[in-house]
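For clarity, every value in this text was computed on a predicted model and none was experimentally measured. Within every chain, numbering begins at 1; the chains are lettered A, B, ... in the order of the sequence lines, protein sequences first and strands thereafter.
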Number of protein chains: 2
Amino acid sequence: MAQTLEIIGERWSLLVLREVFLGVRRFAAIQAATGAPRAVLTRRLETLVAAGVLQRRAYREAGTRARHEYRLTPAGRELQPVLTALMQWGDRHLAWPEGPPLRVTHAGCGAPVRAALRCDAGHVLDDTGRELQAIPR
Amino acid sequence: MAQTLEIIGERWSLLVLREVFLGVRRFAAIQAATGAPRAVLTRRLETLVAAGVLQRRAYREAGTRARHEYRLTPAGRELQPVLTALMQWGDRHLAWPEGPPLRVTHAGCGAPVRAALRCDAGHVLDDTGRELQAIPR
DNA sequence: CGGGCTGAGTTCGAAAGCTGAACTCAGATG
DNA sequence: CATCTGAGTTCAGCTTTCGAACTCAGCCCG
């Protein structure tokens, strides 16, 4: 966990990733969406690329010079449960005057999606970890 | 998500919570386990208590004066999926020479537990969010 | 009684990080 | 040629963090 937080635990990192998940890929757009200062954003993107979470690739819009965009790598996409869990906690425990700002549903069936604890035998545990057993090392 | 990160997104917060989840409740023990500077730890604990994630309560060991310990509130316990998701990502994507440092299993059946995306209709989605649909408010 | 120990802080100066605003640079546009 | 834009970089000021030293209350020991 500590190692993971080294990569994505810095200010802005997870907000940047949220935007990329939502399809915002270009520097200026990420900057506008998150409000992160440009200097910080530059460094965060570098870190995330170096960690293999994002991939920087050139793109070219008709009649402009080449720019970069940032896309999720497979490893980056696997951070989805982290984002979902964070969102879900906020939705539950912070007061939203007009409902949660983003709803996430299963594209297949339309039902809301949540991050659940589930064991490999298929049991779904409750969110509080009461049924968990931790075995160090 | 941004609001949630305001509370638990600062350096050390999640590591502190991990320790409390593991049953480490006293200031000095949390400090030793996380390595956070004491001054910072004091402030983090204050923040977490103010946010209703932890509860500070007095305790007294035989023959010592009263001290405090920090316990999870129900809201705090619901952060378990966040911790699990972070741990799981690290286990998968960072190289562990001798296996992951902590294994978490279902107390009922002994199978490893993971944070999975699951819709309210009961479907389990893959971790990459490919089957997700986001609907902004 | 006096000195030392412990848990939980607080205080300090130095180092690192964040912020907002200004500056750069390359290529496209007019 | 002057201007615009996206993506940075630089800079000065501020905040946060770091690690080490200091405090303080009550207990224990001799």
Picking from [options], which would you name as closest to the side chain of [X]?
X: B:R43; options: C:dA8, D:dT17, D:dC18; value: D:dT17
X: A:Y59; options: C:dG9, D:dA7, D:dT9; value: D:dA7
X: A:R44; options: C:dT10, D:dG8, C:dG17; value: C:dG17
X: A:T42; options: D:dT9, C:dA8, D:dC18; value: D:dT9
X: B:R67; options: C:dG9, C:dC18, C:dA8; value: C:dA8

- Note on the structure: Residues B:D91 and B:P101: closest non-hydrogen pair is OD1-CD, 4.2 Å
- Item | Closest approach of A:C109 to B:A121 (non-hydrogen atoms, all atoms of both residues) | SG-CB, 3.9 Å
- Message: What verdict does the side-chain contact (heavy atoms from CB on, under 4.5 Å) test give for A:R118 and B:V113, after you've listed the backbone C-alpha separation in whole Å, the side-chain angles of each residue and the deciding distance to 0.1 Å?
- Response: CA-CA 5 Å; A:R118 185 170 168 280; B:V113 168; over 6 Å; no
Starting at [atom1] of [X] and ending at [atom2] of [N], how long is that distance when rounded to a whole Å?
X: A:E46; N: D:dG8; atom1: CD; atom2: P; result: 8 Å
X: A:L41; N: C:dG20; atom1: CG; atom2: P; result: 13 Å
X: B:R11; N: C:dA15; atom1: CZ; atom2: C1'; result: 12 Å
X: B:E10; N: C:dC18; atom1: CD; atom2: C1'; result: 13 Å
X: A:E6; N: C:dA16; atom1: CD; atom2: P; result: 15 Å
X: B:F27; N: C:dA8; atom1: CZ; atom2: C1'; result: 6 Å
X: A:Q31; N: D:dG8; atom1: CD; atom2: P; result: 12 Å
X: A:L45; N: D:dA7; atom1: CG; atom2: C1'; result: 11 Å

Check whether any side-chain nitrogen or oxygen of [X] sits under 4.0 Å from OP1 or OP2 of [N], and answer yes or no.
X: B:R38; N: D:dC18; result: no
X: B:W12; N: D:dT16; result: no
X: A:R56; N: D:dG8; result: yes

- Query: With a 4.5 Å heavy-atom cut-off, do A:L132 and B:Q80 have their side chains touching?
  - Reply: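 With C-beta onward as the side chain, the pair touches.
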- Is B:A28 touching bases, backbone alone, or none of the nucleic acid, heavy atoms closer than 4.0 Å?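 Here B:A28 touches the backbone only, sparing every base.
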- Task: Please work out if A:V40 contacts a base, only the sugar-phosphate, or nothing of the nucleic acid, heavy-atom cut-off 4.0 Å.
- Result: base
- Query: Pick one: which of B:R130, B:R92, B:R114 meets salt bridge (charged side-chain N to carboxylate O under 4.0 Å, His left out) with A:E78?
  - Reply: B:R92
